[in-house]
Amino acid sequence: MLTSDDLAFFSVLTGSKSLAESARKLNVTPPAVTQRLRALEEKVGVRLIDRSGRHLRLTEEGSLVASHSVIVSDAIDSLAEALADRKGAVRGHLRVAAPHGFGRIYVAPVVEAFAREHCGATATLQLSDHPTALIVDSYEVVVHIGASAHLDQVVTTLAPNNRFLCASPEYLASTAPISTPADLARHRCLVVRENEEDVTLWRFKGSRQETATVRVNPVMSSNDGAVIRDWALAGQGIMMRSEWAVAEDLADGRLRQVLPNWKLPSADIVAILGSRHGRSARTAAFLTMLRQSLKPLPWRAYPAEKLGQ
């Protein structure tokens with residue numbers, strides 16, 4: 001008779017490209033994996049994995065076992081989480097996804113603090129230039145900057161965040177003045193291509209609520225916001241960036257706001273919650289710690305006049 005341990009072992013195999021990779025995940029030797037797989041196949045009386053090629057390939061019976069392994073594993077996890085939640089215990093594996101820059105600076109320290117405080121839990125942080133492109137239900141929390149396209153998911157705001165146009169003082173001193181959004185068409189623009197946004201269409205709202213839209217032709221682009229910031233600091237052009245990423249540069253004078261009287265759409269920091277684990281005790285504990293880490297807002301610790309507002 002198959003046990004939950006057998007199904008958990010087989011789930012690791014089906015998620016690996018080779019027996020050697022499975023061994024690394026299970027922290028055992030490849031011969032030990034081979035021996036256990038052979039014993040499992042003898043128990044069920046059929047071959048579960050075709051090991052004749054370079055990669056593992058499930059047989060028809062192996063696919064059947066794999067699909068039921070997921071169902072049973074999910075049921076066991078859900079039961080364990082429900083019991084833990086009733087006791088208010090924080091346990092299980094926390095899975096978090098976040099953008100590279102924001103995740104490295106603001107999310108990673110909180111994941112580390114979470115793991116230290118809750119010894120019954122483990123954690124994974126996946127950094128991506130497009131975290132919402134990941135399968136949201138594979139993560140308890142997906143940290144996202146800006147409006148979410150996942151309208152069917154629970155989305156909670158973590159912190160306000162504006163966007164600014166900015167450039168180095170050297171660039172601004174060497175080029176024609178910029179007094180209206182239309183002037184941007186004659187300037188060097190830098191863009192970050194890190195999600196599904198139309199990053200070359202810049203929308204503005206003036207002090208009298210008038211609107212303007214400009215299609216920029218970027219001279220340089222990257223999927224890494226830190227690279228764009230470095231190029232702007234080097235005087236390569238004008239960029240649109242979140243205030244969390246440039247507030248310190250603006251306060252110290254390394255960058256200056258462009259068109260400060262024209263506002264860009266805000267891009268609040270939000271958390272998209274996976275439907276399966278969105279209300280677990282560990283998710284709630286992590287979100288509480290993340291919110292606390294953002295109070296007061298680190299990027300609003302500078303006087304407004306220093307930011308050019």
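Within the 4.5 Å cutoff, side-chain heavy atoms of Phe204 are placed close to those of Val214. Here the side chains of Leu287 and Val141 are in contact, with some heavy-atom distance below 4.5 Å.
Across all non-hydrogen atoms, the minimal contact from Leu190 to Gln236 is CD2-O, 4.0 Å. Nearest heavy atoms, Leu125 versus Gly103: CD2-O, 4.3 Å.
For Phe164 and Trp262, the gap between ring centers reaches or exceeds 6.0 Å.
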Determine whether Leu2 and Val44 satisfy the following criterion, side chain to side chain contact (heavy atoms under 4.5 Å, CB included), listing intermediate values before the conclusion. CA-CA 8 Å; Leu2 291 177; Val44 298; 3.6 Å; yes
From CA spacing to verdict: side chain to side chain contact (heavy atoms under 4.5 Å, CB included), Lys25, Ser16: CA-CA 9 Å; Lys25 291 179 179 179; Ser16 306; 3.3 Å; yes
Are Leu250 and Cys166 close enough, and set up right, to give a side chain to side chain contact (heavy atoms under 4.5 Å, CB included), and what steps lead you there? CA-CA 8 Å; Leu250 291 168; Cys166 45; 4.1 Å; yes
Would you sort out whether Leu233 and Ser168 count as a side chain to side chain contact (heavy atoms under 4.5 Å, CB included), showing the intermediate values? CA-CA 5 Å; Leu233 289 170; Ser168 70; 5.8 Å; no
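Cluster membership check: Leu13 does not share its hydrophobic cluster with Leu64, using side-chain heavy-atom separations under 4.5 Å among Ile, Leu, Val, Met, Phe, Trp and Tyr.
The pair Arg116-Glu112 counts as a salt bridge, with a side-chain nitrogen and a carboxylate oxygen less than 4.0 angstrom apart.
Side-chain contact, His93 with Thr124: a donor N or O sits under 3.5 Å from an acceptor N or O. A donor atom on one side chain and an acceptor atom on the other are found under 3.5 Å apart for Ser242 and Asn161. Neither side chain, Arg203 nor Thr211, offers a donor N or O lying under 3.5 Å from an acceptor on the other. Checking Arg95 against Gln126 by side-chain atom types alone, no donor-acceptor pair falls below 3.5 Å.
Contacts of Asp268 classified as salt bridge (Lys or Arg N to Asp or Glu O under 4.0 Å), with partners at least two apart in sequence or in another chain: none. Looking at residues two or more places apart in sequence or on another chain, you find a side-chain contact (heavy atoms from CB on, under 4.5 Å) between Asp5 and Thr3, Arg36. The salt bridge (Lys or Arg N to Asp or Glu O under 4.0 Å) check on Lys43 picks up Asp6, with sequence neighbours excluded.
Here the side chain of Ser222 pairs a donor or acceptor atom with the backbone of Asp224 at under 3.5 angstrom.
Ring planes of Phe102 and Tyr106: tilted class, angle from 30 to 60°.
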